[in-house]
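This report concerns only the one structure given below.
Labels below follow one simple rule: chain letters A, B, ... track the order of the sequence lines, proteins then strands, and each chain is numbered from 1. Predicted model, so just to flag it, every value in this text is computed and none were measured.
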Amino acid sequence: MLDIKPTISALRRSKAGAFLLLIQIAIATAIVSNASFIVYDRVQYISQDTGYPEDEVFSFSLNTFGDVEDLSQQMEQTEQLLRNMPGVIDAVYVDSVPLSGSGSASSFANLPRDQNEQENYREVRAAYIGADEHIFEALGVEIAEGRGFLPSDVIVTNTRADLPPVAIVSRSFLDEMFPEGDGLGQHIFTGNMGAQIIGVVEKMKGPWLKDSRPDNLLLIPYAEASVYQNFIVRTKAQDRSEVIGKIEDLLLEQYNERVIINLRGMDESKARYNAADLLMVRMLIVLMVILVLVTALGIFGLTVFNISKRTKQIGTRRALGARKSAIVRYFLVENSLVCVLGLAVGITGAIGLGHFLMTEYSLPKLSLYYVVATAIGVFIISLLSVLIPANKAANISPSIATRTI
Amino acid sequence: MLTMQNVSKVYTTEKVQTHALRDFNLEVNEGEFIAVTGPSGSGKTTFLNIAGMLETYSSGQYLLDGIDIGRLSDNQRADLRNQKIGFIFQGFNLIPDLNIFENVEVPLRYRGIKSAERKARVMECLEQVGLGSRLKHLPQQLSGGQQQRVAIARALAGRPRFLLADEPTGNLDSLMARQVMELLEKINQEGATIIMVTHDPELARRAPRNIQVVDGQIADFSLYQKQLAGTEPAVAEV
Ligand SMILES: Nc1ncnc2c1ncn2[C@@H]1O[C@H](COP(=O)(O)OP(=O)(O)OP(=O)(O)O)[C@@H](O)[C@H]1O
Ligand SMILES: [Mg+2]
């Protein structure tokens, strides 16, 4: 016996409180749906697999202010010094570091520029990093297909041309550039310069996780020394902090007219790059918790108020034969009715808000799963919030009916 | 149908123990109409609440239709109230958010009666109290006398054999009080047993049987009649 009809009539005669509650439930549903979706999306993003063993890799920059005659030679020496450090698996100097937030990117084509009239001419954006054959060991990535760089591929230079003869690419880039799946061995071009794709790495992210093509990365065998030089070093995870601690002294001992900056683990670099996202996630979670709590408190408060307003009525109902469970049920049904209406408004609002966020802030499209899950969650919380005061109401003595005027 | 033997009720509050009923003995037969009178605070409402299972008692025995009420669970008492007892309250106790029809329907819903039969019974009872045309009105749109008639219809809807009324005319003027009394007499003639608490000696006199409660006990009836006649001073000093 849910007695929905008389509960509705009773509700219609005391609209104000119910209406406020309805609005509250609707707002909570609309916002929490979207917030939880954004939180999930951001958490996925923050914890995504980058293809690198982030806890084994670290990087730093070396800023040389002294007068160095042959910079390339000195970088090679520094590289050698690092590789010989106990605990170091491999080290390499590079022009930019994955996940660091700075680097270079360009458009690459499947045909030389002078054939760009052709129907199958295609350009794909990718980041690129120049380094010697140690880059794979230093980054902890493996060649999935083809081969890595040979020492003979590496061009030590200070004046680089557009593209070296060979390149190794991420799978994502290869598949986008050559959707037919026959990319390995083909050439890619900037302008009319072509490089042959000699190897593929299954997964490696570029410098910017927020790039439109974060997975497209080219490794090119340029060892290009500069006064501002980046290094990538890999150790075993447990050795990393010890190695990091020794780097500065060791390098300055070798040559002291330079400074070491940005010395940090790859995981930390990534966390820095994603700091704003993490902050947003935390704030959204706080917002959701507050919204849900306020809604629960609102429901709790309104029920307590309704019960105190209706003590005599409850006593009378008990006198007329209502069991305690019937009293609890009454408040549950009453709340559920308000809640269902609030959820209906809230679901509509959630979808509307999701659409707004998608078009105005180019967020991904809100998945209905989140709306439904939030609606169910809000419904359950609302029932729980009613349950405590409703149980108190059920314990109102039926003698209230005769004891109060 | 109702037997109370040495029923006592003690209210314990922080400071005091109140003996609202002491060794209360009463036998009520099917079809009786009993008026209960007595000074304020003497225990009339307490007696009625125990009789109607709205309150439990501290000691003694109470049998209703042979059922030992002291052994029942809360749910069983609620069900029994619903089936056997109709309540009429001084303050009418209509549910303000429900219209007249819905109010009368309440005990029938708790009994799980089907909609069509509920409707028939509600209509029948409202006709009986002369309010068959006010179904959609809210309680506050009716006069006190009309509200009490709705409350009587509600008490009758479940076809109880036992009507308990605590000062049903206490909030009504004398004309309306007389109408309500006439209604109760009619209901009694149709077979229901009625116990009515009242402060109105005129109404009490109309009831075939009178009991006076003094200090939680039934006072000597002959003494009471002398008091009514004014030949003996009032017993109660509470
Ligand atoms: N819930 C309670 N807690 C403590 N004492 C109570 C309670 N209810 C009633 N009493 C006390 O029990 C005694 C009997 O009260 P009861 O209401 O039965 O009297 P009454 O005869 O109905 O009085 P009145 O004519 O004023 O309605 C009184 O002394 C009253 O103060
Ligand atoms: Mg009383």
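- Ring geometry, Tyr40(A) versus Tyr370(A): the interplanar angle falls from 30° to 60°, so the pair is classed tilted.
- When each of Asp97(B), Leu94(B), Leu126(B), Leu135(B) is checked for a side chain to side chain contact (heavy atoms under 4.5 Å, CB included) with Asn103(B), only Leu94(B) meets the rule.
- Taking the ring axis of Tyr110(B) as reference, the NZ or CZ atom of Arg323(A) does not stay both within 45° of it and closer than 6.0 Å to the ring centre.
- For chain A, no part of Leu80(B) is nearby; none of its heavy atoms comes within less than 4.5 Å.
- Using a 4.5 Å cut-off between heavy atoms, Ser399(A) contacts chain B through both its backbone and its side chain.
- Of all the listed residues (Asn49(B), Asn82(B), Leu54(B)), the one sharing the greatest number of non-hydrogen pairs under 4.5 Å with chain A is Leu54(B).
- Between chain A and the residues Asp166(B), Leu98(B), Ile85(B), the most heavy-atom pairs under 4.5 angstrom are made by Leu98(B).
- When every heavy atom of Trp208(A) is checked against every heavy atom of Gly101(A), the shortest pair comes out as NE1-O, 3.0 Å.
- Heavy-atom pairs under 4.5 Å with chain B peak, among Arg318(A), Lys5(A), Arg310(A), Lys324(A), at Arg318(A).
- Applying the 6.0 Å contact sphere to CE of Met283(A) captures no more than 12 heavy atoms from other residues, nucleotides or ligands.
- Between chain B and the options Pro398(A), Ala326(A), Ser325(A), Gly315(A), the largest number of non-hydrogen pairs under 4.5 Å is found for Pro398(A).
- Lys9(B) forms no cation-pi arrangement with Phe24(B), by the criterion of a distance under 6.0 Å to the ring centre and an angle within 45° of the ring axis.
- Of the atoms belonging to Arg111(B), not a single heavy atom falls under 4.5 Å from chain A.
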